[in-house]
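Accompanying notes for the structure given below.
Given the structure is predicted, the values throughout are model-derived calculations rather than measurements. Counting convention: from 1, in listed order, for ligands and their atoms alike.
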Amino acid sequence: MANVTVIGAQWGDEGKGKIVDWLASRADAVVRFQGGHNAGHTLVVGDVTYKLSLLPSGIVTGTLSIIGNGVVLDPWALKAEVEKLTAQGVTINPENFAIADNCPLILPLHRDLDGLREAAAGAGKIGTTGRGIGPAYEDKVGRRAIRVCDLAHLDSLDPQIDRLCAHHNALRAGFGEDPVNREQLLADLREIAPYVLQFAQPVWKRLKKVRKAGAKILFEGAQGVLLDVDHGTYPFVTSSNTVSGTAASGSGLGPSSTGFVLGIVKAYTTRVGSGPFPTELNDETGQKLGERGHEFGTVTGRKRRCGWFDAVLVRQSCAISGVTGIALTKLDVLDGFETVKICTGYRLDGKIMDYFPSHAQEQARVEPIYEEMEGWRETTAGARSWADLPAQAIKYIQRVQELIETPVALVSTSPEREDTILVRDPFMD
Ligand code: GDP
Ligand code: IMO
Ligand code: MG
């Protein structure tokens, strides 16, 4: 039976959480494979709204939920999120939730460094979520991270802590900051260790067993392809690979396991934080998209920048991530616009381009070429079947799939779980 890998195909916040929650009831396990609590996913089920950052979105349906080794894990954020969701009636225990024991930890010193760097960068700041994501990934590849499995061996952790503190103290001194309080750090780790360890295990082994039993695995990506550290709008990116290929390395299963790649695509474009955004609208239309789409960040509450759909970017994301089909979300936000625009190419120094260049300054200078389509007066909000969609909205969807060279598998028409149109079942592909 096919597995499904869900990734964001724009700059994040495409509605991945809603789609993963909807698909989770058809899956036997949901695995987060990169990122950390920089993610913010809003799930709406009836009258209840769930906000998740670190936990896989499958947890709400009670599906076996796994945090893979590719994630950077803040133990205190984990505990707070589990407590918040438990208070909302979600069951989370070692039976239905596991954490890879080789996950690197996000520590308070990572958050400190994230904040110090952003403050020092002034206007050149990345606009990070301030969660310590970048510094934690740096320590992982720098081979000085403290990992989940280390929490079971705190008495022999001194050499690792010393190495980590020596590195951070040099950086902190450069910012005029006090050294790390080593004893406090150890005391904090000692206190949180049993909580994290109750969920810790070699998840690759658990996944191997799940796979052998023929179960369906849903891999849940965070952020989006345009925030990928290699393929995104570097340096205005996050510090992990967000493309579908990471599902394998970030969970401990091979690339043949990732199955149907479902790219989540918003019917227009948003971005939070700094960096190039060719179709950004700093006008009334942009404001209208933001208001109608409630475009405020789940994690930081920041206002998201808004603009028209950029088919060039999404076509590129789909190619880079091997997207099999897309879920087109927030179509309802375009209801009532007299006309809608789609970016079909760029102009740069008098030349026409059909792709987004790699160089940051060129990315900032490209000018979008638009195609304008008639909008639709009718509402698509809450539509659950293709037949419920106005003809003009169908034309828009068809034009999108033509331009991005990738078929539509799902359409989402409201935040509510069930307001979803299934065109092609990714698990049956
Ligand atoms: P994620 O990070 O990709 O999971 O997306 P977020 O949850 O950060 O942002 C998407 C927002 O849009 C959330 O508030 C969702 O509840 C909401 N949403 C998801 N799908 C739809 C949709 O089809 N229509 C509307 N109006 N809102 C949606
Ligand atoms: P979800 O999973 C949107 C952005 C930040 C910033 C850049 C780097 O909800 O789609 P970081 O804290 O990761 O070092 O910040 O990446 N960013 C996101 N933008 N959605 C997200 O996650 C994001 N996670 C990080 O705003 O521009
Ligand atoms: Mg989000």
Side-chain angles (χ1 to χ4, degrees), residues 6-22 32 34-45 49-54 56-57 71-72 74 106 110-111 113-115 117-118 125-138 220-229 232-240 242 263-268 270-277 289 291-305 327-335 379-384 410-421:
V6 165
I7 53 132
Q10 290 152 316
W11 278 292
D13 303 326
E14 299 90 350
K16 298 176 292 294
K18 169 187 164 162
I19 301 295
V20 170
D21 169 62
W22 187 80
R32 269 285 303 266
Q34 48 70 232
H37 66 310
N38 51 346
H41 306 149
T42 302
L43 282 54
V44 181
V45 186
T49 298
Y50 302 95
K51 288 184 186 286
L52 283 76
S53 283
L54 187 53
S57 300
V71 169
V72 280
D74 180 322
I106 300 183
H110 294 123
R111 182 191 289 251
L113 187 56
D114 198 349
R117 283 189 181 142
E118 285 284 271
K125 70 179 183 188
I126 305 291
T128 72
T129 58
R131 300 295 190 264
I133 304 291
Y137 274 118
E138 286 172 34
E220 178 182 12
Q223 289 83 52
V225 174
L226 300 171
L227 289 169
D228 181 280
V229 68
T233 44
Y234 193 90
F236 300 100
V237 292
T238 192
S239 298
S240 65
T242 58
I264 314 300
V265 176
K266 207 178 269 191
Y268 49 101
T270 62
R271 166 160 215 178
V272 56
S274 326
F277 181 171
L289 284 170
E291 279 163 17
R292 301 208 44 184
H294 303 289
E295 296 296 354
F296 292 91
T298 315
V299 174
T300 56
R302 287 179 292 176
K303 206 170 165 184
R304 296 173 185 152
R305 301 153 65 191
L328 190 69
T329 63
K330 304 192 92 159
L331 183 67
D332 54 296
V333 174
L334 296 181
D335 290 355
T379 176
T380 67
R384 295 185 182 186
L410 297 167
V411 179
S412 168
T413 57
S414 100
E416 161 62 36
R417 178 193 277 166
E418 297 304 329
D419 292 338
T420 306
I421 302 171

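Residues Ser412 and Lys18 share a closest heavy-atom pair of OG-NZ, 3.0 Å. In plain terms, the two heavy atoms of Arg417 and Asp21 that are nearest each other are NE-OD2, 2.7 Å. Residue Gly35 comes nearest to Arg32 through the heavy atom pair C-NH2, 3.5 Å, listed as atom of the first residue, atom of the second, then distance.
Contacts of ligand 2 (protein heavy-atom distance under 4.0 Å) are Trp11, Gly12, Asp13, Lys16, Asn38, Ala39, Gly40, His41, Ile126, Gly127, Thr128, Thr129, Ala222, Gln223, Leu227, Val237, Thr238, Val272, Gly273, Arg302. Within 4.0 Å of ligand 1, counting heavy atoms only, the contacting residues are Asp13, Glu14, Gly15, Lys16, Gly17, Lys18, Gly40, His41, Thr42, Thr298, Arg304, Lys330, Asp332, Val333, Ser412, Thr413, Ser414, Pro415.
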Trace of the side chain to side chain contact (heavy atoms under 4.5 Å, CB included) decision for Ile133 with Thr128: CA-CA 9 Å; Ile133 304 291; Thr128 72; over 6 Å; no
Stepwise side chain to side chain contact (heavy atoms under 4.5 Å, CB included) check, Arg131 with Val72: CA-CA 10 Å; Arg131 300 295 190 264; Val72 280; over 6 Å; no
Derivation and outcome, side chain to side chain contact (heavy atoms under 4.5 Å, CB included), residues Val333 and Lys266: CA-CA 10 Å; Val333 174; Lys266 207 178 269 191; over 6 Å; no
Full working for side chain to side chain contact (heavy atoms under 4.5 Å, CB included) between Glu418 and Trp22: CA-CA 7 Å; Glu418 297 304 329; Trp22 187 80; 3.8 Å; yes
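Counting only heavy atoms from C-beta outward, the side chains of Leu43 and Ser57 approach each other to under 4.5 Å.
Using modelled atom types, no side-chain atom of Asp419 and backbone atom of Thr413 make a donor-acceptor pair closer than 3.5 Å.
With sequence neighbours left out, the side chain to side chain donor-acceptor pair (under 3.5 Å) criterion links Arg304 to Asp13, Glu295.
Considering Thr238, Asn38, Thr242 as possible partners of Gln223, the one that fulfils the side chain to side chain donor-acceptor pair (under 3.5 Å) test is Asn38. Of the residues listed (Phe236, Phe277, Trp11), the one engaging Leu226 in a side chain to side chain contact (heavy atoms under 4.5 Å, CB included) is Trp11, and it is the only one.
Distances from the Mg ion (ligand 3) under 2.8 Å pick out these protein N/O/S atoms: Asp13 OD1, Gly40 O.
Atom-to-atom distance recorded for His37:NE2 and Leu52:CG is 13.5 Å, nearest 0.5 angstrom.
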